[in-house]
Amino acid sequence: MFDVTQHPDKTSGESSEDEATTLNQVEELRPALQKFLELKVSSRATAMDLTQDTFEKYLSIEDKSEIANTRSYLFAIAANLAKNTLRRERIYVVDAENKGRQSEPETEDPSPEEWLMYSEMQDKFRTALQSLPGKCREIFYLRRIKNLSSREIADKYGISQRMVQKHLIKAIKHFHKHL
């Protein structure tokens, strides 16, 4: 186990009293940090490793004088380490049937509230699209949905590319106003 009471680059004779006091305070946070990480990652072993990593990161900082609140700083390091660990686990989902081969990351299905918000936004978009003037709506549709170039649209309607851009700007302003 890593002893936070001594900095790895210093001998015990070189440590100042302030540093020893700070390191003792840091060591007192070990149980709280470990519990915090256990709740984040749902694994005691991983939490123990991350607690150790948190202390190592903290002790690798040369100038700790700029750290206003050591406790908050340590918990921020721990939270970031937990987030990175969970992100890595999500990316490398191991499928037992594939015998340890990497599979696609799991996707999270949207909640009912998210579906409702999405549905409402679609309805607002359709309403705003239908309320656009005809030519403006058609130009927006061809450019943004069908991915035609401004030149192709200009040629189709016999107008300049500048006029196509004006119609697109009008449509976007309309959507900003109504969405």
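Since the model is a prediction, treat every value here as computed from it, not as a measurement.
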Glu66, CD: over 12 other non-hydrogen atoms inside 6.0 angstrom:
no

Does Trp115 sit in a hydrophobic cluster with other residues, and if so which ones, taking ILVMFWY side chains as linked at heavy-atom separations under 4.5 Å, directly or through other members?
Tyr118

Applying salt bridge (Lys or Arg N to Asp or Glu O under 4.0 Å), name anything that partners Asp123, two or more places apart in sequence or on another chain.
Arg126

Listing, residues 32-43 side-chain donor-acceptor contacts under 3.5 Å, not counting sequence neighbours, or none:
unit_1, atom_1, unit_2, atom_2, d
Ser43, OG, Thr46, N, 3.3
Ser43, OG, Thr46, OG1, 3.1

For Tyr157, enumerate each residue passing the side-chain hydrogen bond (donor to acceptor under 3.5 Å, both in side chains) test, keeping only those at least two apart in sequence or located in another chain.
Glu138

May I ask whether Ile153 and Ile169 are part of the same hydrophobic cluster, defined by side-chain heavy atoms of I, L, V, M, F, W, Y residues being less than 4.5 angstrom apart, directly or through others?
no

So, does Gln130 use its side chain to make a donor-acceptor pair with the main chain of Thr127 at under 3.5 Å?
no

Is there a side-chain contact between Pro133 and Lys170 (heavy atoms, below 4.5 Å)?
yes

Who are the side-chain hydrogen bond (donor to acceptor under 3.5 Å, both in side chains) partners of Ser131, not counting sequence neighbours?
His174

By side-chain contact (heavy atoms from CB on, under 4.5 Å) - contacts of Lys177 (at least two apart)
none

Those residues at least two apart in sequence (or on a different chain) that pass side-chain hydrogen bond (donor to acceptor under 3.5 Å, both in side chains) with Asp155 are Arg151

Quick one: side-chain contact (heavy atoms from CB on, under 4.5 Å) partners of Ile172, sequence neighbours excluded?
Arg144, His176

Under the side-chain hydrogen bond (donor to acceptor under 3.5 Å, both in side chains) test, residues paired with Arg162 that sit two or more places apart
none

How would you list, by chain and number, every residue that makes a side-chain contact (heavy atoms from CB on, under 4.5 Å) with Phe175, sequence neighbours excluded?
Phe125, Ala128, Leu129, Leu132, Phe140, Ala171, Leu179

Could you tell me if the side chain of Ile77 sits less than 4.5 Å from the side chain of Phe55, heavy atoms only?
no

Any donor-acceptor N/O pair, Glu120 side chain to Met117 backbone, under 3.5 Å:
no

Restricting to salt bridge (Lys or Arg N to Asp or Glu O under 4.0 Å), what partner residues turn up for Asp49, sequence neighbours left out?
none

Using the side-chain contact (heavy atoms from CB on, under 4.5 Å) criterion, which residues pair with Met163? Sequence neighbours excluded.
Ile159, Ser160, Lys166, His167

